[in-house]
J.: 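Structure incoming, see below.
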Amino acid sequence: MSRMHITLTVNGEERELLAEPRELLIHVLREKLGLTGPHIGCDTSHCGACTVEMNGRSVKACTVFAAQADGAEITTIEGLGSPDGLHVLQQAFREHHGLQCGFCTPGMITRAHRLLQENPDPTEEEVRFGMAGNLCRCTGYQNIVKAILAAAEEMNTVKEAAE
Ligand code: FES
Ligand code: FES
């Protein structure tokens, strides 16, 4: 099968690769670019474990062909924080016990990041609605919602202090 030349900007870095027309973005990210933060939970667009940001929108990378992402800007969990410099959302998930096994967490946090970009001061209901495409088999969601609301508050406090 002929392969296509694809250019992506991933976490601020330009990456070039060859991909078959049938290849999914999640496989390219994990297997060709070594970004194993986004997980594969279902491969059928239900669980949200594969969520990344593409051109400022949340997408499930198991439902995007790599070819469709040609020229796109992608952010994965690796682009949000690092072990030495956790993102406010990562810190909040840790403090509020928003994870147990952690399998859903990269997708949860990447989705929550986009949600707070679009709605920096959400209500609990808006968080629950905005996170409806991400499933967690462990936590019961209570602490995930709590963590996202706490992160929103923290981010708004920092923003106000800077103004
Ligand atoms: S692996 Fe993409 S939604 Fe489940
Ligand atoms: S923490 Fe285990 S699936 Fe969410």
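In each ligand, atom 1 is the first atom listed, and ligand 1 is the first ligand listed. Position 1 is the first residue of the sequence, and the numbers go up from there.
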J.: Can any side-chain N or O of Glu14 pair as donor or acceptor with the backbone N or O of Thr7 at less than 3.5 Å?
T.: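 Not at all, since once roles are kept as given, no pair shorter than 3.5 Å links the two residues.
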J.: Can any side-chain N or O of Lys60 pair as donor or acceptor with the backbone N or O of Ser45 at less than 3.5 Å?
T.: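 Side chain of Lys60 to backbone of Ser45, a donor-acceptor pair under 3.5 Å: yes, one is there.
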J.: If I only include protein atoms of type N, O or S, how many are less than 2.8 Å from atom 2 (Fe) of ligand 1?
T.: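 If we list every protein N, O or S atom nearer than 2.8 Å to atom 2 (Fe) of ligand 1, we get 2.
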J.: Given 3.5 Å as the limit, does a donor-acceptor pair link the side chain of Glu78 with the main chain of Thr36, or not?
T.: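 Checking the backbone N and O of Thr36 against the side chain of Glu78, a donor-acceptor pair under 3.5 Å is found.
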J.: Leu33 and Val10: which non-hydrogen atoms are nearest, and at how many Å?
T.: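 Heavy atoms of Leu33 and Val10 come nearest at CD1-CG2, 3.9 Å.
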J.: Would you check if there is a donor-acceptor pair between the side chains of Thr51 and Arg111 at a distance under 3.5 Å?
T.: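 No - no donor-acceptor pair under 3.5 Å links their side chains.
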J.: Could Glu53 and Arg57 be called an ion pair, given the rule that one side-chain N must be under 4.0 Å from one carboxylate O?
T.: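 Salt bridge flag = no for Arg57 with Glu53.
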J.: So, at under 2.8 Å, which protein N, O or S atoms would a careful student list around atom 4 (Fe) of ligand 2?
T.: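 The answer, once waters are left aside, is Cys104 SG, Cys136 SG.
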J.: Tell me whether Glu124 is salt-bridged to Lys146, with the criterion being a basic N under 4.0 Å from an acidic carboxylate O.
T.: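 Lys146 and Glu124: not salt-bridged.
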J.: Ignoring hydrogens, what is the shortest heavy-atom contact between Met131 and Leu115? Give both atom names and the distance.
T.: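 Heavy atoms only, the tightest pair is SD-CD2, 4.1 Å.
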J.: For Phe65 and Leu24: C-alpha separation, side-chain torsions, deciding distance, then whether side-chain contact (heavy atoms from CB on, under 4.5 Å) applies.
T.: CA-CA 4 Å; Phe65 287 116; Leu24 297 172; 4.0 Å; yes
